[in-house]
Amino acid sequence: MIVLTNEGNPNALKLIIAAKLVQQNITVKRALSNETPLGRLPVLELPTGSKIFSISAGMQLLAAPSEEYEIIINKWLEWDVSQLQPAIIYYGTTGIYKTDSTSCLWSLLSEVNNALKEKMYLIKDKNDISLADVSIWVSIWSTIIVTNIGNEILKEYIYLSDWLKNIELLPIIQDSLKVFSLERGLKAITSIQAGSWFPVNSTKSCKSTTNELNLVKDKEVEVVSQEEMDKAMINWNSCNCPNVKEPSYPVLPKKGERNILITSALPYVNNVPHLGNIVGCVLSADIFARYCRQRNYNTLYISGTDEYGTATEAKALEEKTTPQEICDKFFSIHNDIYRWFGIGFDYFGRTTTAEQTEIVQSFFLKIKSQGYVLTDTVDQLLCEFCDRFLADRFVEGICPRCKYEDARGDQCDGCGHLVNATELINPRCKMCSNRPIIKKSKQFFLDLPKLEERLKVWSAKVEKGWSAVARGVTKPWLRDGLKPRCITRDLKWGIPVPVEGFENKVFYVWFDAPFGYISITKRYTKEYEQWWKPNGAEVSLCQFMAKDNVPFHTIMFPAYLLATNEDYTLLKHLMAIEYLNYEDTKFSKSRGIGVFGTDARETGIPADVWRFYLAYIRPENQDSNFNWADLATKNNNELLNNLGNFINRALVFTEKFFESKVPPMEPQEDDLTLLALAQRELTSYLNALEQAKLRDGIKYVLAISKHGNQYMQSQQPWVKVKGTDDDKKKAGTIIGICCNLTCLLSALLAPYMPNTSREIRGQLGLDKTRYGYIPDIIMNMLPSGHKIGKVSPLFTKIEDQLIEELRKKYAGKQETNGAQSKTNNVTESVESSKATTAQRGQLVKKLIYNHDESVRQSHVDILDKLQNKLADLKQDADKCDNAQSAKSKKAEPLHTPEQNGDTGTDITSLEAAITKQGNLVRELKAKEEKSVWQPQVEILLKLKNQLASLTGAKIPDKKSKKKK
């Protein structure tokens with residue numbers, strides 16, 4: 001891995017130490033801030049080419065903390081970046097040390113000192129440092145200790161002083177300093193500031209207003225040109241902000257206008273969608289659709305459930321019901337979940353409709369008539385016991401490419417490649433676990449080789465509008481050459497093939513499903529062809545999905561449309577993403593791991609917070625990870641302390657000092673500087689959203705409120721409003737501009753957090769039923785005299801206790817339960833195999849008098865295999881029973897009498913136990929609530945009483961002692 005950093009940046013040292021903690025090689029390269037997105041340094045560059053800009057995330061990627069300490073380490077890392085480092089930056093931001101910030105710094109350093117009482121390190125009371133120690137030590141050691149207040153700090157905070165000295169002497173630190181030397185003090189502070197962006201955090205820990213965190217914009221002022229300020233003034237005086245167009249039905253494309261057709265991958269109806277499913281398609285598409293509507297583009301967003309195919313049929317067999325009942329059940333579940341998440345489809349449909357059947361069959365016949373359909377006899381897997389061909393998800397086995405053991409008959413979840421069922425190693429029927437045989441079957445194929453050149457020409461023209469993930473998945477298909485693809489199946493649940501001799505076959509779900517976009521549009525409007533076969537109007541088709549769906553949308557669906565030789569709307573923008581994992585593992589409904597759509601509602605966390613966080617961690621270029629502690633941190637710091645803090649302060653000030661009316665505004669240089677900085681963020685936001693880079697977009701929104709917080713803090717309108725007439729006038733300008741930025745934020749936030757946007761608009765005294773137009777420039781949208789509404793906080797803090805409860809709730813079954821579950825599964829397999837073997841035995845008996853010896857013998861062979869399989873399963877069951885028994889014995893609690901205050905009658909043992917328990921009580925009192933440490937105090941007292949009874953000594957009465 002590579003660390004790209006500017007010269008002397010202490011944050012780079014943190015990454016180097018983290019790498020050395022796990023003995024990982026890392027290369028340091030110099031870079032300039034203008035060479036990286038948002039100008040941030042250092043950057044951790046992965047071998048894949050992906051870049052990580054968060055120091056905390058980079059450190060945890062290099063040296064992942066154990067699950068036991070993950071939450072507390074995350075808190076310290078977040079504290080470092082959101083409170084300590086910004087305070088340090090302000091302390092030395094202009095090349096001199098600011099004495100008005102020292103008391104705030106002392107308050108923060110006091111927190112570290114208190115946390116280190118009677119401990120060698122922040123997290124663990126033993127000789128190994130954590131990432132929290134590394135991060136905070138580097139921040140303090142490199143910047144403060146060698147400055148004006150350094151000696152005073154070392155004298156005042158003894159625990160902090162010892163900690164700083166001890167860590168500096170560690171070999172791993174000395175080795176790291178040899179790799180990356182830096183000049184401590186002001187230069188180190190300047191290096192951090194040059195490559196960093198800090199969220200504004202609450203500063204209530206600082207005791208007075210002069211101690212509040214004030215991230216001044218001195219450096220930013222230098223880089224705002226006069227031209228930018230002049231432009232900001234011109235924009236500010238513009239009064240031509242358009243309104244968002246009135247919604248119409250049906251939404252249809254228009255010549256000469258932006259016409260955006262948006263689809264999200266159709267989710268299967270065989271399960272409840274989890275957070276990864278939701279952000280992968282419907283939520284991402286919804287954010288983009290809302291943005292397009294707020295830009296007055298003619299926008300149609302359609303989606304629906306994919307209801308045919310083996311996934312549905314398998315689920316119906318599992319639940320002992322019909323496929324149609326499964327479709328009805330899960331369509332309702334999906335619909336409810338998406339409504340709760342605020343997904344604003346123009347129409348949410350399904351594929352089990354008459355329109356779908358009509359469109360799929362007509363397209364097939366058209367493609368066939370154009371000569372792009374082949375007929376061939378193929379080998380298929382047949383389960384003799386179930387008496388059915390095993391297509392797609394009815395068969396599982398070992399992937400021939402990556403050797404993943406549970407690959408499906410259509411695609412491997414291990415490597416993502418498409419496979420044919422007959423290619424699987426050791427295939428097994430999913431319904432009965434028996435090994436199928438290969439039998440020939442006649443099927444229709446799409447002649448992809450015949451369409452290959454046309455696909456290459458088309459994709460070369462449009463692939464620039466695809467995400468990097470989409471391009472990466474598609475390239476090997478076209479590079480390696482296309483092969484004919486089977487588009488029919490020997491199944492019952494699906495759209496019938498309208499050709500004589502194929503009446504008992506249906507279309508393969510991935511031939512059928514993409515046409516759902518067209519049939520659902522037809523359900524929305526009879527004029528659907530204006531979108532799919534536009535006559536003169538230009539339509540941009542934008543599709544959203546996870547990477548496993550990419551080949552069906554960049555190869556298959558375009559091939560179907562091209563094969564008609566008619567002018568259909570083809571894909572223009574494909575916004576595919578990587579996978580979202582859950583707490584470093586995969587979502588699993590069966591194992592209770594992860595948050596699913598129905599779970600999110602039950603947490604009590606608002607839907608808008610879920611939308612915000614999922615967009616913030618959207619896996620656009622690499623897999624990302626849902627993390628409960630991070631969710632709380634982002635809510636509490638970014639929403640509550642940054643965005644919510646800015647908006648609430650601006651509106652409360654208006655309410656309190658200006659009778660709830662926007663005051664007159666006369667922008668001067670410092671005000672125009674703010675507007676110019678916010679304009680930069682707005683321009684970046686527009687560029688990001690136009691490319692559906694949703695993760696970047698939300699961060700530009702937060703950057704605007706960050707600038708607003710800095711501006712308000714530095715201008716101090718609460719002081720000016722009590723001063724001279726000129727001061728009061730200036731205070732009015734400051735607050736009026738902040739109210740206008742709040743109005744802008746309500747519009748920019750709406751695609752991500754629609755309910756919150758409406759609430760902000762209500763507090764601004766605007767129509768809550770509308771979302772504001774997203775403009776190109778920052779203008780005066782709330783004129784002087786505008787009456788605002790009732791002001792109230794927008795966000796609430798997510799407490800640690802709730803996060804820990806939710807984390808445990810959705811962490812899945814515990815290890816012991818998992819072992820028991822495995823035992824239960826093996827037992828169930830034994831019983832199932834017994835039944836299957838018995839049934840096959842009865843069949844063999846019936847065939848004893850059959851004249852066709854080969855028929856009887858084939859079943860005898862199958863019976864032998866079943867009996868062998870049963871014997872193997874019984875052995876597995878015995879092993880599980882023995883392992884469970886051994887584990888139970890191992891799990892029996894050892895006799896640890898000190899836990900109950902019972903250590904026998906040995907005085908030496910009692911004294912040792914009292915010492916140990918006393919240390920535990922002191923540790924707990926330093927960092928935990930009374931409810932945690934009080935029981936341990938009772939144990940300590942019991943131990944002391946036992947010792948007193950042996951020695952005849954008396955235990956001092958604390959209450960009587962106090963009275964004296």
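Since the structure is predicted, the reported quantities are computational estimates derived from the model, not experimental observations.
When all heavy atoms of Ala688 and Asp696 are compared, the closest pair comes out as CB-CB, 4.1 Å. The heavy-atom pair separating Glu690 from Phe288 by the smallest distance is O-CE1, 4.2 Å. Taking each heavy atom of Ile577 and Pro619 in turn, the nearest pair found is CB-O, 3.2 Å. The heavy-atom pair separating Val3 from Ala12 by the smallest distance is CG1-CB, 4.1 Å.
Side chain of Glu228 to backbone of Ser225: a donor-acceptor contact under 3.5 angstrom is found. Side-chain N or O atoms of Trp137 include one that pairs as donor or acceptor with a backbone N or O of Leu164 at under 3.5 Å. A donor-acceptor distance shorter than 3.5 angstrom exists from the side chain of Asn642 to the backbone of Leu702, with no hydrogens or angles considered. In terms of modelled atom types and a separation under 3.5 Å, the side chain of Asn635 and the main chain of Thr796 share a donor-acceptor contact. Checked by atom type and distance alone, the side chain of Asn636 pairs as donor or acceptor with a backbone atom of Ala632 at under 3.5 Å. Here the side chain of Tyr752 pairs a donor or acceptor atom with the backbone of Leu694 at under 3.5 angstrom. Between the side chain of Tyr685 and the main chain of Leu748, a donor-acceptor pair closer than 3.5 Å is present. Put simply, the side chain of Asp133 never gets that close to the backbone of Tyr121: no donor and acceptor are under 3.5 Å apart. Between the side chain of Thr585 and the backbone N or O of Asn581, no donor-acceptor pair lies under 3.5 Å. Lys119 contributes a side-chain N or O that, together with a main-chain N or O of Leu122, makes up a donor-acceptor pair within less than 3.5 Å.
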(message) Let's go through Leu741 and Phe646 carefully: what are the C-alpha distance in whole Å and the side-chain angles of both, what is the deciding distance for side chain to side chain contact (heavy atoms under 4.5 Å, CB included) to 0.1 Å, and is it a yes or a no?
(response) CA-CA 10 Å; Leu741 279 186; Phe646 170 68; 4.0 Å; yes
(message) Run Asn11 and Lys14 through side chain to side chain contact (heavy atoms under 4.5 Å, CB included) and show every step you take.
(response) CA-CA 5 Å; Asn11 283 327; Lys14 297 178 183 180; 3.0 Å; yes
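Looking at Asp671 and Leu675, their side chains never come closer than 4.5 Å, going by heavy atoms from C-beta outward. Two residues are said to be in side-chain contact when any heavy atoms from C-beta on lie closer than 4.5 Å; Pro42 and Leu15 meet this criterion. Considering only heavy atoms from C-beta on, Trp236 comes within 4.5 Å of Ile737 through its side chain.
Checked by atom type, the side-chain pair Ser624/Arg618 shows no donor-acceptor distance below 3.5 Å. For the 3.5 Å distance criterion, the side chains of Asp630 and Tyr613 qualify, holding a donor opposite an acceptor. A side-chain donor-acceptor contact under 3.5 Å links Thr683 and Gln679. Side-chain contact, Asp608 with Thr756: a donor N or O sits under 3.5 Å from an acceptor N or O. Judged by distance alone, the side chains of Gln715 and Asp670 do bring a donor and an acceptor atom under 3.5 Å apart. In summary, the side chains of Asn637 and Glu78 do present a donor paired with an acceptor at a separation below 3.5 Å, with no hydrogens or angles considered. In this model, a donor atom of one side chain and an acceptor atom of the other lie less than 3.5 Å apart for Asn74 and Gln60.
Between Trp76 and Trp79, the ring planes are perpendicular. Angles over 60° get that label, and only those under 30° would be called parallel. Taking the six-membered ring where the residue is Trp, Tyr582 and Phe626 present parallel rings, their angle staying beneath 30° rather than reaching 60°.
A salt bridge is defined here as a Lys NZ or Arg NE, NH1 or NH2 lying under 4.0 Å from an Asp or Glu carboxylate O, and Glu7 with Arg30 fails to meet this definition. The pair Glu45-Lys51 meets the salt-bridge criterion, with a side-chain N (NZ, NE, NH1 or NH2) lying under 4.0 Å from an Asp/Glu carboxylate O. With respect to Glu638 and Lys699, no salt bridge is recorded, no charged nitrogen being found less than 4.0 Å from a carboxylate O.
By the neighbour-count criterion of 12 heavy atoms within 6.0 Å, atom CD of Gln174 is densely surrounded, having more than that number from other residues, nucleotides or ligands. A 6.0 Å sphere centred on CD1 of Ile158 holds no more than 12 heavy atoms belonging to other residues, nucleotides or ligands. Annotation for Lys693: atom NZ does not count as buried by contact number, only 12 or fewer foreign heavy atoms lying within 6.0 Å.
Separating the CG atom in Asn687 from the OH atom in Tyr700 is a distance of 8.0 Å, to the nearest 0.5 Å.
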